[in-house]
Trainee: 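Have a look at the structure that comes next, please.
These numbers were taken from a predicted model, which means no experiment stands behind them. Remember, it's 1-based here, ligands and their atoms both numbered in the order they're listed.
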Amino acid sequence: MKSEPVFKNAIVRPPTPNFADGLTTAGLGAPDFARALEQHGRYAGALAHHGVAVVTAAPDAAFPDATFVEDVAVMTPGGAVLMRPGAKSRAGEVASLRSTIASCVPIAGAIEAPGSVDGGDVCAAGETFFIGLSSRTDEEGARQLGEILARQGFAVRIADVRRADGLLHLKSGMAWLGGRRLLAVDALARDPAFEGYERVTVPDDETYAANAVAIGGRVLLAGGFLKTRRAVEAAGLEVVALDMSEFQKMDGGLSCLSLRF
Ligand code: CIR
């Protein structure tokens, strides 16, 4: 199985004019829609520039958070597993994106009630999947997803994001960099789930930068987080910095904006 973070395809979905009505705890003010669209365009452009075939789903204003497509499914070699998002306002996003997902890969399963999982709590790392328990992902959802992944031959490790103050999702605090190497904030570092992994540290005053997307030896990183950038470069990886300010205002990061496979 893959030990490098390589993916050839991605689904993205541009934000809608009511994007500011989505869920947020960031306290950074309302996002500017035009700027969000522009940042989203650059994000999709960066993926394409690095060899990824990008499928753009039609925006859906019924769900202001729908641009955060990562939360709706988990992509596996066996196909997409549909999530059951933990926030009520986001439940309908699964049906809304289903046909786009199904046009790309088979649907391999779904999380069923009463379990809930947000894709942002699931980190694929080669032969291992990390699943984070959070305010959105519960034990039952993690158990169901764990079973599906184990049937496909993956090792599953459960982390507890609830102990890490201020993190919405698992991947709000960590990213897989390839092999046994992670980018992660201190608050997650001691979780037994990550035992045996080397860590590139994200300093406490730059936690937002932990939500990154690695493609081979490159890392898409939120712009403006210079200490994290230096740490990633010192680890021998090339950084592609992207301005994410408008998505940060809505608690979303780089990984949230695509479903990668
Ligand atoms: C939410 O609270 O659900 C959205 N405003 C942000 C979701 C971010 N998604 C992610 O971290 N995977």
Side-chain angles (χ1 to χ4, degrees), residues 7 10-33 36 39-40 43 57 59-75 80-94 96-97 101 111 116-125 129-138 141-142 145 159 161-162 164 166-176 183-185 187-188 202 207-214 220-222 242 244-261:
F7 54 96
I11 297 173
V12 301
R13 187 174 222 183
T16 46
N18 61 347
F19 175 52
D21 296 337
L23 302 170
T24 182
T25 59
L28 295 172
D32 180 89
F33 173 60
Q39 290 177 354
H40 192 272
Y43 174 85
D60 185 348
F63 304 102
D65 277 316
T67 190
F68 300 117
V69 286
E70 172 180 74
D71 292 320
V72 166
V74 167
M75 302 307 235
V81 181
L82 301 177
M83 298 295 102
R84 187 165 175 273
K88 279 206 172 63
S89 65
R90 302 198 59 191
E93 290 179 31
V94 179
S96 166
L97 196 65
I101 296 172
I111 303 302
S116 67
V117 182
D118 276 16
D121 280 316
V122 184
C123 178
F129 270 82
F130 297 103
I131 304 177
L133 300 174
S134 72
S135 61
R136 303 284 178 87
T137 296
D138 62 16
L145 180 60
V161 183
R162 298 166 300 192
L167 291 185
L168 173 62
H169 288 125
L170 177 69
K171 282 186 290 188
S172 312
M174 53 89 59
W176 182 49
L183 179 68
V185 298
L188 286 178
V202 177
T207 53
Y208 180 73
N211 183 277
V213 172
L220 307 187
L221 200 69
L242 289 168
M244 292 291 294
S245 62
E246 305 316 292
F247 297 98
Q248 183 178 10
K249 290 173 183 172
M250 299 308 293
D251 286 346
L254 277 158
S255 77
C256 320
L257 292 182
S258 58
L259 270 172
R260 301 166 296 281
F261 55 102

Trainee: Less than 4.0 Å between a side-chain N and a carboxylate O, is that true for Arg90 and Asp71?
Mentor: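 So Asp71 pairs with Arg90 through a salt bridge.
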Trainee: My understanding is that only residues two or more places apart in sequence, or in another chain, count here; which of them pass salt bridge (charged side-chain N to carboxylate O under 4.0 Å, His left out) with Glu246?
Mentor: Arg35, Lys249
Trainee: Can you name the side-chain contact (heavy atoms from CB on, under 4.5 Å) partners of Pro14, sequence neighbours left out?
Mentor: Leu37, His40, Thr56, Pro59
Trainee: For residues Phe19 and Phe247, establish whether the separation of their ring centroids is below 6.0 Å.
Mentor: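 Yes; Phe247 has its ring centre under 6.0 Å from that of Phe19.
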Trainee: Checking Ser134 against Arg136: is there a side-chain donor and acceptor pair closer than 3.5 Å?
Mentor: no
Trainee: Taking any residue with a non-hydrogen atom under 4.0 angstrom from an atom of ligand 1, which ones do you get?
Mentor: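 Within the 4.0 Å shell of ligand 1, which is judged on heavy atoms, sit Leu23, Asp65, Phe68, Glu70, Asp71, Arg90, Gly120, Arg136, Leu168, His169, Met250, Asp251, Gly252, Cys256.
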Trainee: Is there any side chain to side chain donor-acceptor pair (under 3.5 Å) pair reaching into residues 20-32, and which pairs are they, with sequence neighbours excluded?
Mentor: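 Residue pairs with at least one partner in residues 20-32: Thr25-Asp251.
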